[in-house]
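Letters go in sequence order (proteins before strands), and every chain restarts at 1. From a predicted model like this one, the values you see are computed outputs, not experimental measurements.
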Protein chains: 2
Amino acid sequence: MSEHSLMVAMRDPKYTKELIDETALRLFVEKGIAETTIRDISSAAGIAEGTLYRHYVSKEHLAWELFSKNFTAFAVELDQLHRKHDTLKAKIDATIRHYCTFFDKDPILFSYLLLELHGQLRKVTPDMPNPVTVLRRFIGEGMARGEIPRKDREIAAAMVLGVVLHVAVSKVYGRTKQSLTALADSIVAAAWRVLEA
Amino acid sequence: MSEHSLMVAMRDPKYTKELIDETALRLFVEKGIAETTIRDISSAAGIAEGTLYRHYVSKEHLAWELFSKNFTAFAVELDQLHRKHDTLKAKIDATIRHYCTFFDKDPILFSYLLLELHGQLRKVTPDMPNPVTVLRRFIGEGMARGEIPRKDREIAAAMVLGVVLHVAVSKVYGRTKQSLTALADSIVAAAWRVLEA
DNA sequence: GTAGTATGTGAGCGAACATTCACTCATGGT
DNA sequence: ACCATGAGTGAATGTTCGCTCACATACTAC
């Protein structure tokens, strides 16, 4: 038995990866990806540095996987949601509620996607499911059918996300405790007020 | 004369600092602060690393000065603008146009303030002029005078910025060439539509 | 001239960092 | 009882990067 040997508490492998994901996500949001070291993550998670590399080939891959997996999942859900509704109004309603629910379910994950969007965006290929593409398409379709006035095209497109995202952002930066879902009705109403000019 | 000596083209010191500022700002926006090295900045600016340290004591100070100087200047201008107007509607109008003008005047600087807000926010002290504080106050005052309905308080506060910022953001991320100022009328109308429910 | 000051330079330093790898050992199959 | 497997470990390694400094050059004052 070597002098370096220690007790090794084996845990469920599934649990270890989840532990890494949760810890990394939290630290990435708190400090940013670049300011978070592998040592930060591993010590906060109570694992060894090498353990992290059993699950991810690099810190960059870890950050990217946490982003892309959830980014595309969100886009796919949004797309499926849109297929269930016909009118623009119903789609906007569903979209905003989807954002609100997602925020309330996991505010840290939501913050991560929001805050790291710019940094990760260069790796997003056009073939990846993308919330922005989904939203552009349905705004365009709604406008083609005359459901919203064409003159407000650009404002309208930015607005749908603008309303809900900025309430969310003010919560990420602020200390508000209230859930976003509780505000969904007001947000839907506000967005629609802008669009049906 | 040492074997290492080279021609040294002395330039206007004022120009050198501006060169550093412009180059650093551009790279910070393109790659993020953490991913931009001193070597990146100096080589892109065509100066030596040491030269940068003649003008800034550290990379952190450089990033912070580029942020805080413009962040507070923007807040001060916004505050002065508000003092010139009485009604909430006039203030919102002026605010949105101010944002649009600022964006058009220097899109890179605007992007920097937007993208690095989260990272730099921890250094913003309460006594510093702050756009958010200015906006909170005038929304609160407008609501106290009954100019907008109290029930939409949270939405309203997020909206004023939400509308204009998200059009701006979609331009930062997108490839749109059109100026923001050209859209100012539509944005003002959209914001007001939400607020006067 | 020469002394003094301001500015520019880039090789080199050291600390921080991501990543590797030889090793340990709990577990499950035979 | 024995072995095979692979998750877990953390000291060691090589690299990156912010920053320093000895020196070079230019400008100013005398």
Quickly work out the [X] [atom1] to [N] [atom2] distance and round it to whole Å.
X	N	atom1	atom2	value
A/Lys17	D/dG6	NZ	P	16 Å
B/Tyr15	C/dT7	OH	C1'	16 Å
A/Tyr53	C/dA22	OH	P	17 Å
B/Ile20	C/dT9	CD1	P	10 Å
B/Arg54	C/dT5	CZ	C1'	11 Å
A/Tyr56	C/dT20	OH	C1'	20 Å

**Message:** Consider ring pair (Phe, Tyr, Trp, His ring centres under 6.0 Å). Of A/Phe103, A/Tyr112, A/Phe110, A/Tyr99, which one does A/Phe74 pass it with?
**Reply:**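 The residue from A/Phe103, A/Tyr112, A/Phe110, A/Tyr99 that satisfies ring pair (Phe, Tyr, Trp, His ring centres under 6.0 Å) with A/Phe74 turns out to be A/Tyr99.
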**Prompt:** Taking DNA chain D as the partner, which of residues 57-68 of chain B come within under 4.0 angstrom of it by heavy atom?
**Reply:**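 Heavy-atom contacts with DNA chain D come from B/Ser58, B/Lys59.
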At less than 4.0 Å, is any side-chain N or O atom of [X] found next to OP1 or OP2 of [N]? Yes or no.
X	N	answer
B/Thr16	C/dT7	no
B/His55	C/dT7	no
A/Thr51	D/dT9	yes

**Divergence of helical axes at both termini of the helix from C/dG1-D/dC30 to C/dT30-D/dA1 - five pairs an end, 10° steps** =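 The two end axes of the helix from C/dG1-D/dC30 to C/dT30-D/dA1 meet at 0°.
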**Prompt:** Does the A/Lys91 side chain pair with the main chain of A/Ile139, one donor and one acceptor, at a distance under 3.5 Å?
**Reply:**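 Looks like no, no N/O pair under 3.5 Å.
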**Request:** May I ask you to decide if A/Val29's main-chain N or O and A/Ser111's side chain share a donor-acceptor pair within less than 3.5 Å?
**Result:**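 Checking the backbone N and O of A/Val29 against the side chain of A/Ser111, no donor-acceptor pair under 3.5 Å is found.
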**Asked** In residues 30-39 of chain B, which residues come under 4.0 Å of DNA chain C by heavy atom?
**Response**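 Result for residues 30-39 of chain B: B/Arg39, sorted by number.
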**Asked** Under 4.5 Å between side-chain heavy atoms, hopping through other hydrophobics if needed: is there a path connecting A/Leu180 to A/Leu81?
**Response**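 Hydrophobic grouping puts A/Leu180 apart from A/Leu81.
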**Asked** Yes or no on side chain to side chain donor-acceptor pair (under 3.5 Å) for B/Thr37 and B/Asp40, after CA distance, side-chain angles and deciding distance?
**Response** CA-CA 5 Å; B/Thr37 68; B/Asp40 288 337; 3.2 Å; yes
**Asked** What's the spacing between A/Leu19 CG and A/Glu22 CD if we round to 0.5 Å?
**Response**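 One gets 6.5 Å once the value is rounded to the nearest 0.5 Å.
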**Item:** Geometric class of the A/His98/A/Phe102 ring pair [parallel <30°, tilted 30-60°, perpendicular >60°]
**Value:**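 Tilted, since the angle between the ring planes falls between 30° and 60°.
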**Message:** Between B/Arg97 and B/Asp93, does any NZ, NE, NH1 or NH2 come within less than 4.0 Å of an OD or OE carboxylate oxygen?
**Reply:**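 Yes, this pair counts.
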**Prompt:** Is A/Lys17 salt-bridged to A/Asp21, going by a charged N under 4.0 Å from an acidic O?
**Reply:**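 Here A/Lys17 does not pair with A/Asp21 in a salt bridge, since their nearest N and O are not under 4.0 Å apart.
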**Message:** Out of the candidates B/Ile187, B/Asp185, B/Thr95, only one should pair with B/Cys100 under the side chain to side chain contact (heavy atoms under 4.5 Å, CB included) rule; please name it.
**Reply:**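 Single side chain to side chain contact (heavy atoms under 4.5 Å, CB included) partner of B/Cys100 among B/Ile187, B/Asp185, B/Thr95: B/Ile187.
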**Message:** Does atom CD (A/Glu60) have a neighbourhood of more than 12 heavy atoms from anything else shown, all under 6.0 Å?
**Reply:**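 It does not: A/Glu60 CD has 12 such atoms or fewer within range.
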**Prompt:** Of the nucleotides C/dC23, C/dT19, C/dG8, which one has an atom closest to the side chain of A/Glu49?
**Reply:**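 Minimum distance to the A/Glu49 side chain belongs to C/dT19.
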